[in-house]
Protein chains: 2
Amino acid sequence: MRPTVHDIAAEAGVSLATVDRVLNARAGVRSETRLRVQAAVERLGYVRDVAAANLAKSRIYPIRFILPSGDNPFMRALEAHVRQVGNPALRPGGLERVAVSLDCVPPLDAPALAAALIKAGEDEPAGIAVVAVEAPEVAAAVRTLQARGIPVATLVSDLPASGRNHFAGIDNMAAGRTAGGLMRRFLSGSRGAVAVIAGSLSLRDHRERLDGFAQALREAGEGLTLLPVLEGEDDPAKVEALAKRLLAEQPDLAGIYSLGAGDRGLVRALAQTKMPRPQAVVVHELSDHTRQALEEGLVDAVLAQDPGHIARSAVRVLRAFADGLVFDPAQERIRIDIFLKDNLPPARQALSDPHLPTGE
Amino acid sequence: MRPTVHDIAAEAGVSLATVDRVLNARAGVRSETRLRVQAAVERLGYVRDVAAANLAKSRIYPIRFILPSGDNPFMRALEAHVRQVGNPALRPGGLERVAVSLDCVPPLDAPALAAALIKAGEDEPAGIAVVAVEAPEVAAAVRTLQARGIPVATLVSDLPASGRNHFAGIDNMAAGRTAGGLMRRFLSGSRGAVAVIAGSLSLRDHRERLDGFAQALREAGEGLTLLPVLEGEDDPAKVEALAKRLLAEQPDLAGIYSLGAGDRGLVRALAQTKMPRPQAVVVHELSDHTRQALEEGLVDAVLAQDPGHIARSAVRVLRAFADGLVFDPAQERIRIDIFLKDNLPPARQALSDPHLPTGE
DNA sequence: CAGATCCTGATGCACGTAAATCAAATTCTG
DNA sequence: CAGAATTTGATTTACGTGCATCAGGATCTG
């Protein structure tokens with residue numbers, strides 16, 4: 001059996017109360033005694049039983065998520081997963097005692113986001129997770145929260161200058177490079193123009209993807225020229241207009257990299273065009289639209305990040321920060337998923353059969 | 001606050017003892033009363049506090065892993081992750097109260113594996129996880145365990161005929177197809193021979209990858225001919241010999257797909273050959289060797305599955321089965337990771353800074 | 001209707017930890 | 001050395017659930 005506080009007390013020759021004081025860093029222990037207790041902890045390999053501790057404290061971890069509103073399918077999928085983590089009945093094991101709440105603010109609206117952050121911190125939550133917009137007022141808000149002892153994790157789009165505790169999302173520079181590498185190999189030998197459609201360059205993830213992509217394409221060196229980046233504001237209608245003009249006016253278009261949202265518009269433009277379609281199309285995030293486009297061959301590769309993983313990871317990490325505990329960075333690393341027609345995951349499953357123990 | 005058993009008792013107008021009898025499916029409750037209690041559970045949305053329940057039962061989940069011995073780097077990485085999950089100090093949150101034990105048996109030895117399975121089941125563990133070899137005696141052993149109420153999960157290589165409760169690993173058919181799709185795109189236009197090096201076709205994962213690969217290549221239709229499959233028994237020396245002969249005797253070799261282990265041998269052969277190297281090389285599993293080969297351009301893509309995810313997922317799922325609880329299939333789906341030079345993850349990290357609360 | 005059987009309630013201990021209270025022992029201060 | 005301050009011990013309650021025991025009531029059986 002694992003050692004308990006009682007074993008520590010016996011081993012150190014002190015009382016339970018003193019062990020408790022040391023373990024919870026309470027005052028009123030001579031440093032000599034403290035050392036004795038810590039030595040006993042070492043010797044016996046004591047590890048606090050977090051479940052029992054939380055039970056005793058009847059501690060719950062209030063965690064606030066702040067996501068952009070709007071019809072971006074990826075953000076809505078993320079929202080769905082956040083809600084699932086917040087639902088005790090649907091919550092998978094290991095995410096006990098969290099109370100998740102969720103706020104949406106208009107996308108790309110830095111003042112609104114900063115205000116929402118400050119408001120979210122008002123009732124001392126255990127942690128805040130936010131899809132960041134890169135702006136000074138947002139960074140300031142994050143710093144304010146941290147100064148008040150509230151850990152903050154950024155999701156999807158980072159804000160390193162704010163000193164946030166953690167970023168749950170992919171390495172967007174690497175994602176851009178990957179897109180570039182795929183594009184280069186898919187176009188091996190051919191010459192032509194390559195277009196990039198972004199959402200907004202005020203989103204750090206979009207900027208980083210662009211940088212990585214440009215870098216990989218430059219290394220390629222072959223006859224591929226990168227066209228000036230287009231900004232579609234993640235809006236399907238605007239993206240569709242941009243893509244249509246691109247297809248009409250750029251006869252030597254060899255590839256398109258869409259690194260933001262609004263791919264519905266891009267797919268529509270590709271499906272309707274009478275011009276020859278570009279040889280390689282790479283987009284981001286798996287949705288019903290991009291999945292179908294991949295199956296139909298309108299899109300050649302989808303780079304993605306798993307919104308379920310992001311939601312669960314953010315909760316785990318924020319809880320670890322709130323308790324000053326360790327977490328496993330390898331487990332929390334969000335992978336860059338590459339989907340081709342051949343490795344599309346099955347469409348969306350429900351939970352496994354709930355043979356709940358309430359029956360007989 | 002979440003409702004507790006006390007709330008259920010009050011709501012249903014019965015005593016705590018009766019609620020306990022219903023919740024734990026114990027005998028001695030009139031069905032009318034049982035229904036009243038269940039209705040109260042429904043109404044209040046009661047969810048059992050598993051942490052408190054396990055504390056009360058002082059339940060631990062003994063989980064046994066059976067892995068192949070030998071120097072296969074992927075299996076050794078899997079072993080390392082299994083040991084980490086078994087270590088209370090290193091274990092990431094959410095995997096509480098498990099006692100992991102680990103046995104290794106010689107690879108590809110079905111009788112030894114079957115014997116190890118039966119032995120592992122002797123002291124009634126909460127679950128068994130095993131890398132399966134496809135053989136009747138292994139399937140029979142798994143069925144025996146299940147008949148005794150012990151849930152079994154297969155890892156990496158499946159054994160569906162055994163009726164195992166769960167498979168923690170990738171969809172190997174899809175992995176083979178993905179390799180084929182990548183190969184086809186990487187070789188777009190060119191003609192030539194494509195070689196496949198497997199470990200052993202008595203491993204189901206290898207057979208499935210081969211099937212998927214052949215299928216994708218056939219669909220391609222272009223001038224690519226698939227050479228007869230080679231079996232290297234996952235042994236670097238044998239793989240090296242096979243690859244050297246291949247490179248020497250097959251002048252029109254356009255691609256190599258290595259779907260088993262022993263890639264160290266393949267990389268050596270590629271590095272040393274004086275013949276022109278094949279245009280596309282795809283291998284499985286990320287190790288120091290394959291990582292370096294990818295960086296040096298000897299290998300073009302690595303398909304992989306995350307051993308850490310597999311180890312953690314197996315424990316979560318087996319625990320859920322042991323308790324008859326739900327789990328989230330999406331969370332437990334093992335992804336097919338595609339690594340290119342551009343999206344290699346950072347080399348191997350330690351746990352996050354352990355600001356343990358034992359200090360002051 | 002006596003006795004057996006079944007259903008239900010009441011109660012208490014246990015799990016490992018947190019946290020509070022009060023008393024006693026030790027050390028420090030003047 | 002008295003008095004205050006600090007450190008330590010002992011004890012209790014609580015968290016939500018599991019599990020066992022005992023007693024009393026209801027229902028059934030012969």
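All chains are named by letter (A, B, ...) in the order of the sequence lines, taking the proteins before the strands, and each is independently numbered beginning at 1.
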- Task: Sequence neighbours left out, what passes salt bridge (Lys or Arg N to Asp or Glu O under 4.0 Å) with Arg335(A)? Give chain and number order.
- Result: Asp306(B), Asp337(B)

- Query: Pro307(B): what forms a side-chain contact (heavy atoms from CB on, under 4.5 Å) with it, not counting sequence neighbours?
  - Reply: Phe74(B), Ala77(B), Leu78(B), His81(B)

- Task: For Arg312(B), enumerate each residue passing the side-chain hydrogen bond (donor to acceptor under 3.5 Å, both in side chains) test, keeping only those at least two apart in sequence or located in another chain.
- Result: none

- With sequence neighbours left out, the residues meeting salt bridge (Lys or Arg N to Asp or Glu O under 4.0 Å) with Arg2(A) are none

- Between which nucleotides of DNA chain C, 5' to 3', does chain A make heavy-atom contacts below 4.0 Å? dG16(C) to dA19(C)

- Set of residues satisfying side-chain hydrogen bond (donor to acceptor under 3.5 Å, both in side chains) with respect to Gln146(A), sequence neighbours excluded: Asn165(A)

- Message: Regarding Asp20(B), tell me which of base, sugar-phosphate or nothing describes its non-hydrogen contacts under 4.0 Å with the strands shown.
- Response: base

- Message: Is a donor from one side chain sitting under 3.5 angstrom from an acceptor on the other, for Asn24(B) and Arg48(B)?
- Response: yes

- Report the residues that fulfil side-chain hydrogen bond (donor to acceptor under 3.5 Å, both in side chains) with Glu42(B), sequence neighbours left out, ordered by chain and then residue number. none

- Look at atom NZ of Lys119(B) and say whether more than 12 heavy atoms of other residues, nucleotides or ligands are closer to it than 6.0 Å. no

- Task: Note the angle between the end axes of the helix from dC1(C)-dG30(D) to dG30(C)-dC1(D), five pairs defining each, rounded to 10 degrees.
- Result: 30°

- Message: I'd like to check the side-chain hydrogen bond (donor to acceptor under 3.5 Å, both in side chains) partners of Ser101(B); sequence neighbours left out, ordered by chain and number.
- Response: Arg64(B)

- Item | Partner set under side-chain contact (heavy atoms from CB on, under 4.5 Å) for Val14(B), not counting sequence neighbours | Ala12(B), Thr18(B), Val19(B), Thr33(B), Arg36(B), Val37(B)

- Item | Stretch residues 54-61 of chain A: residues that reach within less than 4.0 Å of DNA chain C through a heavy atom | Ala56(A), Lys57(A)

- Message: For a quick check, with a 4.0 angstrom heavy-atom cut-off, what is the B/S/- contact string for nucleotides 5-13 of chain D, read 5' to 3'?
- Response: --SBBB---

